Novice: 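First the structure, which I've put down as structure tokens, then a few questions once you've had a look.
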Protein chains: 2
Amino acid sequence: MTYKAPLKDMLFDIAHLANIGEIAKMPGFEEAGFDTAQAVLEECARFNEGVVAPLNVEGDRNPSSWKDGKVTTTPGFKEAFRQYAEGGWQGLQHPQDFGGQGLPKTIGAACGEMINSANLSFALCPLLTDGAIEALITAGSDELKAIYLEKLVSGQWTGTMNLTEPQAGSDLALVRTRAEPQPDGSYKVFGTKIFITYGEHDMAENIVHLVLARVTGAPEGVKGISLFVVPKFMVGKDGAIGARNDVHCVSIEHKLGIKASPTAVLQFGDHGGAVGYLVGQENRGLEYMFIMMNAARYAVGVQGIAIAERAYQKAVEYAKDRVQSRPVDGSMSASAPIIHHPDVKRMLMTMRASTEGCRALATVAASAYDAAHHHPDKEVRQQNQAFYEFMVPLVKGYSTEMSLEVTSLGVQVHGGMGFIEETGAAQYYRDAKILTIYEGTTAIQANDLVGRKTARDGGQTAKAIAAQVEKTEKELAKRDSVAAKAVHKRLVAARTAFVEVIDFVAGNTKASPNAVFAGSVPYLMLAGNLMAGWQLARSLLVAEDLLAKGEDGAFMQAKIATARFYADHVLAKAPGIRDAIVEGADSVTALALESF
Amino acid sequence: MTYKAPLKDMLFDIAHLANIGEIAKMPGFEEAGFDTAQAVLEECARFNEGVVAPLNVEGDRNPSSWKDGKVTTTPGFKEAFRQYAEGGWQGLQHPQDFGGQGLPKTIGAACGEMINSANLSFALCPLLTDGAIEALITAGSDELKAIYLEKLVSGQWTGTMNLTEPQAGSDLALVRTRAEPQPDGSYKVFGTKIFITYGEHDMAENIVHLVLARVTGAPEGVKGISLFVVPKFMVGKDGAIGARNDVHCVSIEHKLGIKASPTAVLQFGDHGGAVGYLVGQENRGLEYMFIMMNAARYAVGVQGIAIAERAYQKAVEYAKDRVQSRPVDGSMSASAPIIHHPDVKRMLMTMRASTEGCRALATVAASAYDAAHHHPDKEVRQQNQAFYEFMVPLVKGYSTEMSLEVTSLGVQVHGGMGFIEETGAAQYYRDAKILTIYEGTTAIQANDLVGRKTARDGGQTAKAIAAQVEKTEKELAKRDSVAAKAVHKRLVAARTAFVEVIDFVAGNTKASPNAVFAGSVPYLMLAGNLMAGWQLARSLLVAEDLLAKGEDGAFMQAKIATARFYADHVLAKAPGIRDAIVEGADSVTALALESF
């Protein structure tokens, strides 16, 4: 077994932090209680452990390849994707109206983690398809929905997001791809898109490209961008596959990681124009794209957790097996497995605690999403929506930055063997590096956190969340355990730092934007760190209670130990970050440009 | 130009932090004043920028290859190495008695940085040769010296260090390679060594392997290990190359980075025994190996600085060129080069400040080495030796850990392009990952710092250094500038944290080794951070003085801005680390082994 899904931890979070019991009381989720979660997760684990995970190394060694416009994926991918589709996994969270299972995100997120742990490159195809589905559900006409949604939800076809162009990366105002209206109501699309994940492949019979382009005569900048569906193959009214559309993959990239995932350069309209269909209204493309992107950003955050979990499992296995040096405390007279050495433990605990913290954060964010969409009370829905939106840049930004450290430690635990590609630890290190970049770099997430999520409402949402953290602090303060006391101390310090930073951000974004944005990523890291630490603090409270009831002692003790480690070693970094943000802005911008 | 040596910064450190003027007063270094340093560095820059740097990308794409026991290096390497040898660069720091130039380490370290910035893979061959030379000078018999040293110092032959075996990595007690004494005084060596850098190649006519092995009947463990010279080709008394020795390269590794550097598996004695010659006395091999290793550890620290500098230069170039998004302060109405965005500046400043801080630290450590070997006063020599030995694990451990963050930020600045191999930023990220592992992992450096460098003398050396930091604080306190005040504040906080950690380490290593070693790497990171920050604080004092005198305003202002950035954003992390060490040990070791 190269990957074992951490079902116990996932179900602990789902049951006790995300309160799946409450979610199952909401209209539309009546079937989605703990038992369903458990059954789905167990089945999902079987599939990903058995079918998807074994293809991960093969994908790295034998990546997708391009020839004459066609992309051949890694041997085994096509068959595994067929099984994925047949298992109904693509439709897990999508509406039953279009053939999905309509399960809560709280369950879907755990399944998303599993497939990404199993194989990040493979999982990207469903991830992008999810985004296309979301966009069509939200903004597509009934006709587009009728033609495309069922096929996408069933996994018969796959979807892509076409944003980036050579000159337009983070800055979509620079998009140049153009769309010319045709008499029949369709458009002809012309342009070049780059970095298109699964923009071409052989795993499904059609690919549904969602493409940002400017209609002739549209305003400049982001207000003149529209969203189009451009299928690889034309589709008849009966849903039958027709002629090849004028969109072609001219090359795929040679990348640091996620090598099995084909990253395409797509050329639209070189042979007369690619037929496209407008999604929603003209010039509102960016708005729709943000729907896809917000779903995708959350999902990329989960990818960070997923790759961290996989790296952790591999490092633990090696550390238990590799014998080297005597323990420093003299407890053994011969060389011991390296997991006995304190620094190896420290590395493994850092990996474990960071992963569990981000998982808890993502799970709680998912449950807020579910409540935001399904809770009967409008006010509760709004509160949950605000909470979820605050968490998205943290799930994306913090979990992925965390995954860089964790996968690096994963290599480090392996020593020299970690640097040898055949060992496999290096693949996670390489694969993870894209996560802080795509679907918006960490800086883009931080801009979102500062601008839309903090400054816009004067820090109100952020402070409301800080108040919730304080409630947990009060619970911790009532406990007698050493662990609770330690976590309490760190949580108070981190939350205090967070509140000071909120004031700084809310108070200065308009007047001194450079000063605030100089600390935007540190603010994101502080906030993410605190939120993950807060959820682990909640875990500790639950675990202490369940331990007292005699439930699963070893697991609960591990949960407590992990929460405390996080507090002492990760959360303890928060106050230093506060200083860098509030007092350190001047030194970010002091150097003259010529001096760099 | 793909690499431009940072001569100004290097010479600033050499002149004002390492006080080359004082070194030039020491016996043997009379010629090694500032003018010599400048002339040597300029010549070195020309060679590395022009000859070595252009081969870096080629080495990654077309690495060393193995066929039938022979290793062919990247096209161009052989010729470049010939030029390196002819330029006298291998002998820069070695004694004139053996054909070297006998220059101070203070100058040599800067030259070492340049060749490593230019091409980490290429630079490893001279780096290992330096180690072999040091070992032979210290412990070799006159006969061995006569046969090998001049050829190594001239670069005609190269050297290797053969420590690691499959079961013996960090734990050399487990070495199994054996040496059988022969009637003629030589030995026959049998065994397998792995991870041998430049263990086989085509760049020199002979390779001088320095090999750890056990003489038949030697005690078990580290006290039974001896050091041998095993040449690839036998050498006649006249120095002429003779028959092939029985040491063969059976394969080279497929690695994450430094791909051009061949990492060999060497098989000794498969055809009757490899002829080896004892270096020094039997069973003292580890002691001699530490001589090589200490030189190599310092040099690997410099590699960290070197790759960070190269990554920084590449990121700056991209950030000045890539146009994307309007500045947040509304100062431009169109999209601007990304270097105008505060978070890009923050990343570049982090890279710059970390690199300059570690360079300053390494340069000052080198000057202590020079004084330890050349100062006429014995007491001064001893003080400098203690200072240098304390700094070696910091230069190695902290600079290389720093390089992981810097090369990661280097990719991040490039956004999606950073993940594309052709861009080149990813190579630095991959190459750097070995630096925290080889010549002793960061944990091994931290063990050295805790055990030999701190606990052994009850923290005396560490506290003497802290007292020196305090003197700089007092100087800063006298200044009126905002920058000096900011740096003062952070330096006091970090030094205070450091002193508390020294007390914790010195007071508990014997009684609670697990608790101390659980925080060993954080202690190393705190100490390294402080020492680099201290040197930048000294830079600030010097730069303010020179600025007042009207010297090179732009450079001095940049030096001040960089020192302040370091203090606010890097040094500010130190107090949080203190907490993790002093209060966080229990949570490192709390988790039951079965729960991992």
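So you know, we letter chains A, B, ... as the sequences are listed, proteins then strands, and number each from 1. What you are looking at is a predicted structure, and each value in this text was computed from that prediction instead of being measured.
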Novice: Would you mind telling me which of B:Gln313, B:Lys573, B:Arg490, B:Lys489 has the largest number of heavy-atom pairs within less than 4.5 Å of chain A?
Specialist: B:Arg490
Novice: Find the distance between CD (B:Glu253) and OG1 (A:Thr423) and round it off to the nearest 0.5 Å.
Specialist: 8.5 Å
Novice: In terms of heavy-atom proximity below 4.5 Å to chain B, should A:Ile258 be classed as side chain, backbone, both, or neither?
Specialist: both
Novice: One pair to check against side chain to side chain contact (heavy atoms under 4.5 Å, CB included): B:Val323 and A:Gln167. What are the steps and the verdict?
Specialist: CA-CA 8 Å; B:Val323 172; A:Gln167 79 294 344; over 6 Å; no
Novice: For the candidates A:Leu256, A:Asp329, A:Thr164, which exhibits the highest count of non-hydrogen atom pairs separated by less than 4.5 Å from chain B?
Specialist: A:Leu256
Novice: Is any side-chain heavy atom of B:Val411 closer than 4.5 Å to a side-chain heavy atom of A:Ile437?
Specialist: yes
Novice: Where on B:Val316 is there a heavy atom nearer than 4.5 Å to chain A: the side chain, the backbone, both, or neither?
Specialist: side chain
Novice: Rounded to the nearest 0.5 Å, how far does CZ of B:Arg352 lie from OG of A:Ser595?
Specialist: 6.5 Å
Novice: Under 3.5 Å, is there a donor-acceptor pair linking the side chains of B:Gln412 and A:Thr436?
Specialist: yes
Novice: For chain A, find which of B:Ser325, B:Ala486, B:Ala554 contributes the most heavy-atom pairs closer than 4.5 angstrom.
Specialist: B:Ser325
Novice: Measure the CG-CG distance between B:Leu593 and A:Leu348 for me, rounded to the nearest 0.5 Å.
Specialist: 10.0 Å
Novice: Please flag which part of B:Tyr438 lies under 4.5 Å from any non-hydrogen atom of chain A: side chain, backbone, both or neither.
Specialist: neither
Novice: Which pair of heavy atoms, one from B:Leu174 and one from A:Ser335, lies closest together, and at what distance?
Specialist: CD2-OG, 3.7 Å
Novice: Checking side chain to side chain contact (heavy atoms under 4.5 Å, CB included) for the pair A:Phe195/B:Phe419: CA distance, chi angles, key distance, verdict?
Specialist: CA-CA 10 Å; A:Phe195 295 165; B:Phe419 202 65; over 6 Å; no
Novice: Are A:Lys345 and B:Asn514 packed together at the side-chain level, in the sense that at least one heavy-atom pair is separated by less than 4.5 angstrom?
Specialist: no
Novice: Tell me, side chain or backbone of A:Met417 under 4.5 Å from chain B's heavy atoms, or both, or neither?
Specialist: both
Novice: Taking every non-hydrogen pair under 4.5 Å, which of A:His414, A:Gln557, A:Arg564 racks up the most with chain B?
Specialist: A:Arg564
Novice: Using heavy-atom distances under 4.5 Å, tell me whether B:Ala173 contacts chain A through its side chain, its backbone, both, or neither.
Specialist: neither
Novice: Chain A heavy atoms under 4.5 Å from B:Ile420: which part of the residue, side chain, backbone, both or neither?
Specialist: both
Novice: May I ask you to test the A:Ser587-B:Met349 pair for a side-chain heavy-atom distance under 4.5 Å?
Specialist: no
Novice: Between A:Ala567, A:Ala590, A:Ala168, which shows the greatest number of heavy-atom pairs under 4.5 Å with chain B?
Specialist: A:Ala168
Novice: Give the C-alpha distance, both sets of side-chain angles, the deciding distance and a yes or no for salt bridge (Lys or Arg N to Asp or Glu O under 4.0 Å) between B:Lys259 and A:Glu421.
Specialist: CA-CA 11 Å; B:Lys259 296 188 181 193; A:Glu421 282 289 3; 5.6 Å; no
Novice: For A:Ala592, which atoms come within 4.5 Å of any heavy atom of chain B: side chain, backbone, both, or neither?
Specialist: neither
Novice: By a 4.5 Å heavy-atom criterion (distance strictly below it), what part of B:Ser512 contacts chain A: side chain, backbone, both, or neither?
Specialist: neither
Novice: For A:Ala443, which atoms come within 4.5 Å of any heavy atom of chain B: side chain, backbone, both, or neither?
Specialist: both
Novice: With chain A as the partner, which of B:Lys510, B:Glu583, B:Gln427, B:His340 has the greatest number of non-hydrogen pairs under 4.5 Å?
Specialist: B:Glu583
Novice: B:Lys320 versus chain A, heavy atoms under 4.5 Å apart: side chain, backbone, both or neither?
Specialist: side chain
Novice: With respect to chain B, which residue among A:Asp579, A:Ile434, A:Thr441, A:Val344 yields the maximal number of heavy-atom pairs within a distance under 4.5 Å?
Specialist: A:Ile434
Novice: Count the heavy-atom pairs under 4.5 Å between each of B:Ile577, B:Ile581, B:Thr562, B:Asp586 and chain A, then report the option with the highest count.
Specialist: B:Asp586
Novice: So, A:His254 side chain and B:Glu422 main chain: donor-acceptor pair closer than 3.5 Å or not?
Specialist: no
Novice: Please state whether the side chain, the backbone, both or neither of A:Arg346 comes within less than 4.5 Å of a heavy atom of chain B.
Specialist: both
Novice: Any side-chain to backbone donor/acceptor pair from A:Gln324 onto B:Ser170? Under 3.5 Å, distance only.
Specialist: yes
Novice: Check each atom of A:Val482 against the heavy atoms of chain B and say whether the ones under 4.5 Å are side chain, backbone, both or neither.
Specialist: neither
Novice: Mind running salt bridge (Lys or Arg N to Asp or Glu O under 4.0 Å) on A:Asp171 and B:Arg326 for me, showing each step along the way?
Specialist: CA-CA 9 Å; A:Asp171 188 0; B:Arg326 283 197 291 262; over 6 Å; no
Novice: Could you check which of B:Ala426, B:Gly416, B:Gly576, B:Ala561 has the highest count of heavy-atom pairs closer than 4.5 Å to chain A?
Specialist: B:Gly416
Novice: Sort out for me which of B:Asn447, B:Thr350, B:Asp343 touches chain A most, counting heavy-atom pairs under 4.5 Å.
Specialist: B:Asp343
Novice: Where the side chain of B:Lys433 meets the backbone of A:Tyr429, is there a donor-acceptor pair that is under 3.5 Å apart?
Specialist: no
Novice: Which of the residues A:Ile338, A:Thr263, A:Ile339 is involved in the greatest number of heavy-atom pairs with chain B at under 4.5 angstrom?
Specialist: A:Ile339
Novice: Looking at A:Ala563, A:Ala572, A:Pro575, A:Ser408, which makes the most heavy-atom pairs under 4.5 Å with chain B?
Specialist: A:Ser408
Novice: Chain B heavy atoms under 4.5 Å from A:Arg322: which part of the residue, side chain, backbone, both or neither?
Specialist: side chain
